[in-house]
Amino acid sequence: MAKNLTPREVDYSKWYNELIIQADLAENSGVRGCMVIKPHGYAIWEGMQAELDRRFKETGHENAYFPLFIPKSYFSKEAAHVDGFAKECAVVTHYRLKNSPDGKGVIVDEDAKLEEELIVRPTSETIIWDTYRGWVKSYRDLPILVNQWANVVRWELRTRLFLRTTEFLWQEGHTAHATREEAIAEAEQMLEVYREFAETVLAIPVVRGTKTANERFAGALESYCIEALMQDGKALQAGTSHFLGQNFAKAFDVKFQDRDGQVKHVWATSWGVSTRLMGALVMTHSDDSGLVLPPKLAPIQVVLVPIYRGEEELLAISLVAKKLVAELRAKGVRVKYDDRDSYKPGWKFNEYELKGVPLRLGIGPRDLENGVVELARRDTLTKEFVAIEGLADSIPARLEEIQQALLDRASARLAASMHRVDSWAEFEAAIERGGFVMAHWDGSPETEDRIKEQTKATIRCIPIDNPLEDGACVLTGRPSIQRVLFARAY
RNA sequence: CGGGAAGUGGCGCAGGUGGUAGCGCAUCUGGUUUGGGACCAGAGGGUCGCAGGUUCGAAUCCUGUCUUCCCGACCA
């Protein structure tokens, strides 16, 4: 097993790749661009799923499951949607293999060509809206508030573990409403769910906003997003929520009869977050010693490591350790006692730091004499001696403190990386330094494109509740009514 | 999908002018160890990414292909 990580300062990208592998989160598979999510990584994802799923249900949503395959004809029904996804779709053309004539392996049976090709879903709007047509007749059938947990495939040309993989896991919510206002409220509500989740569970502060036309979801009238800032100064879209208007309802003929007797098309939203959040989590909190996990998501929150010579000492320590474990479990703390004799304490310390365990308790013979344990905090890499008496009682609060400290640290970094600039020279310099840049923009897609060409920066969003302020576009000098948020992004 | 680099025991690498593969770490056994990745001794493990070709003989030369990394265009 490889050891020291490349420091972030030396090569951030290499640090990220090594960390994912060494912390046992995921690895590349034999399939180009597709990863294997390993148990430690998947446990974290399961934690995210559980927290999100609870929030979805609390806001009235139900889970369902739609097919992996989408008939090609469905895809062509919504023009903007096709444009957005056509270039990255995997297509199933045959349904059978046969033995190769040369006796080596199998080949596609050309006689088994599908009459209509199937798309492997890059997102499920089309199959879902085709289904909803049958579910909606009356205003009484609305709203439909459905979410699905699924995998999707987008044939990416350049992939990175968690951040951009060909296949990824996500949830996609798809809702149908009787009115425009209700659909917009739903999209806004889910954005708020994502923000609250990001901050309280992931400990990642985000900026909420709306996307410009260029960055909008294919087929949406409005895309809302939460944008986070990574340690290297690049932005990452952590979640999106879309107001789809009546585009899909019209494309798939989903209508209902309203109270007033009129037949109307329904109003739609969709919203999603993906395993990309794993990348966001890593790049927000982790350091050169490895992964740093917020306690709410850590599969192991507290690890106990005995330090001993000989059976006798181990027995004495285990007695105390096992009692502590039981007390912590009773308080709902996820705890592990690592009494493996095959590794030395120092090895274990490094291992758990690499894997991001928030708290580590070291217990040796000297500690037993003094009635203390050595308590190490992963986020600060600090150590202190704490009395065993009453220790278990204080652990939940300590975990809470770490959770808060991670959010505070990330929030401070976000605030410090938010720059306001008014000239093109300042703009270029600020983008080059990294971080978010608030600058005036004339509102045209062409200007946005030109800025992207020249600086690689994109408009991440127009922040919610953005104050209106007259100014001049940072590139063209044309009139602008507000500053928008720029950054280079993942 | 274009440009560059790379694939050799589990991991990191050497070898390379063609002659049948080696080092470090990891693994296994035994012993000594255990407060920040222990030490000694012994052992096991590789059809050199894959498929063709050249050759008496290929890890080495040629062709194709797959995968990974970096840079671009595209993107959650």
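Quick note on labels: first sequence line is chain A, next is B, and so on, each numbered from 1.
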Open item on the list: Tell me whether A:K234 forms a cation-pi arrangement with A:Y490, defined as NZ or CZ under 6.0 Å from the six-membered ring centre and within 45 degrees of its axis.
Closed with: yes
TODO: Scan A:E374 against the nucleic acid and name what it touches under 4.0 Å (heavy atoms): base, sugar-phosphate only, or nothing.
DONE: base
- [ ] Determine the interplanar angle of the A:F252 and A:F248 rings, folded into 0 to 90°, and report it as parallel if under 30°, tilted if 30 to 60°, perpendicular if over 60°.
- [x] parallel
TODO: Using a cut-off of strictly less than 4.0 Å, decide whether A:R309 has a side-chain nitrogen or oxygen near OP1 or OP2 of B:rU34.
DONE: yes
- [ ] Give the rounded distance in Å between these two atoms: CD of A:E351 and P of B:rU34.
- [x] 22 Å
TODO: By nearest nucleotide on RNA chain B, pick out whichever of A:G346 and A:T159 is the more 5' one.
DONE: A:G346
- [ ] State the OG-CZ distance between A:S274 and A:R276, to the nearest 0.5 angstrom.
- [x] 6.5 Å
Open item on the list: Applying the Watson-Crick and G-U wobble criteria at under 3.5 Å, what pairs with B:rU54? Answer none if nothing qualifies.
Closed with: none
Open item on the list: Using the side-chain heavy atoms of A:W347, tell me which of these nucleotides is nearest: B:rU34, B:rG37, B:rC70.
Closed with: B:rG37
Open item on the list: Taking any heavy-atom pair under 4.0 Å as a contact, classify A:S342: base, sugar-phosphate, or nothing.
Closed with: nothing
Open item on the list: Taking the P atom in each of B:rU63 and B:rA5, what is the distance between them to the nearest angstrom?
Closed with: 14 Å
- [ ] Ignoring hydrogens and angles, tell me if any N or O in the side chain of A:D367 forms a donor-acceptor pair with the backbone of A:N370 under 3.5 Å.
- [x] no
- [ ] Scan A:R154 against the nucleic acid and name what it touches under 4.0 Å (heavy atoms): base, sugar-phosphate only, or nothing.
- [x] base
Open item on the list: Counting only side-chain nitrogens and oxygens, does A:K456 get under 4.0 Å of the OP1 or OP2 atom of B:rG72?
Closed with: yes
Open item on the list: Suppose you measure atom C1' in B:rG3 against the same atom in B:rA59; what distance do you get, rounded to whole Å?
Closed with: 27 Å
Task: From CZ (A:R32) to OG1 (A:T159), nearest 0.5 Å - done: 8.0 Å
TODO: Sticking with atom P, work out how far B:rG35 lies from B:rC71, rounded to a whole angstrom.
DONE: 41 Å
Open item on the list: Applying a 4.0 Å non-hydrogen cut-off, can you work out what A:P365 is touching in the nucleic acid: base, sugar-phosphate, or nothing?
Closed with: base
- [ ] Determine the interatomic distance between C1' on B:rU60 and the same-named atom on B:rG53; round to the nearest Å.
- [x] 15 Å
Open item on the list: Nearest to the A:K344 side chain among B:rG35, B:rC69, B:rA76, which nucleotide is it?
Closed with: B:rG35
Open item on the list: So A:E156, base contact, sugar-phosphate only, or nothing? Heavy-atom distance under 4.0 Å.
Closed with: base
Open item on the list: Measuring to OP1 and OP2 of B:rU68, would you say a side-chain N or O of A:N17 lies under 4.0 angstrom away?
Closed with: no
Open item on the list: Categorize A:L236 for me: base, sugar-phosphate, or nothing, with a 4.0 angstrom heavy-atom threshold over every strand shown.
Closed with: nothing
Task: Side-chain donor or acceptor of A:Y132 paired with backbone N/O of A:H174 under 3.5 Å - done: yes
Task: Identified pairing partner of B:rU67, criterion: Watson-Crick or G-U wobble below 3.5 Å - done: B:rA6
Task: Residue whose closest nucleotide on RNA chain B lies nearer the 5' end, A:F349 versus A:Y343 - done: A:Y343
TODO: Report the base-pairing partner of B:rC1 (Watson-Crick or G-U wobble, both distances below 3.5 angstrom), or none.
DONE: B:rG72
Open item on the list: Counting the atoms with a prime plus P, OP1 and OP2 as sugar-phosphate, which does A:G33 contact under 4.0 Å by heavy atoms, base, sugar-phosphate, or nothing?
Closed with: sugar-phosphate
TODO: Rounded off to whole Å, could you give me the CD-to-C1' distance for the A:Q22 and B:rG10 pair?
DONE: 14 Å
Open item on the list: What contact category does A:F168 fall into here, base, sugar-phosphate, or nothing, at under 4.0 angstrom with non-hydrogen atoms?
Closed with: base
- [ ] Looking at every strand, decide which applies to A:N350 at a 4.0 Å heavy-atom threshold: base, sugar-phosphate, or nothing.
- [x] base
Open item on the list: Can you confirm whether the side chains of A:Q49 and A:E46 place a donor and an acceptor under 3.5 Å from each other?
Closed with: no
- [ ] Look at all strands and tell whether A:R340 reaches a base, only sugar-phosphate, or nothing, counting heavy atoms closer than 4.0 Å.
- [x] nothing
Open item on the list: Going by purine N1 to pyrimidine N3 plus the second Watson-Crick contact, or the G-U wobble pair, all under 3.5 Å, which nucleotide sits opposite B:rG24?
Closed with: B:rC11
Task: Minimum-distance nucleotide to A:R158 side chain [options: B:rG37, B:rA73, B:rA76] - done: B:rA73
Open item on the list: Over all strands shown, is A:T240 touching base, sugar-phosphate only, or nothing at heavy-atom distances under 4.0 angstrom?
Closed with: nothing
Task: Paired nucleotide for B:rG16 [Watson-Crick or G-U wobble; both distances under 3.5 Å] - done: none
TODO: Compare side-chain N and O positions of A:T123 against OP1 and OP2 of B:rA76 and report whether any pair is under 4.0 Å apart.
DONE: no
Task: Span that lies between the C1' atom of B:rG19 and that of B:rC23, in whole angstrom - done: 22 Å
Open item on the list: How close do A:K211 and A:C225 get, counting heavy atoms only, and between which atoms?
Closed with: CE-SG, 3.6 Å
Task: Separation of the P atoms in B:rG16 and B:rC56, to the nearest angstrom - done: 24 Å
Task: Rounded C1' spacing from B:rC28 to B:rG10 in Å - done: 13 Å
TODO: Calculate the interatomic distance between A:Q237 atom CD and B:rA76 atom P; express it in whole Å.
DONE: 7 Å
TODO: Between B:rG15 and B:rG72, how far apart are the P atoms? Round to whole Å, please.
DONE: 31 Å
Open item on the list: Under 3.5 Å for both donor-acceptor distances, Watson-Crick or wobble: does B:rG44 have a partner, and if so which one?
Closed with: none
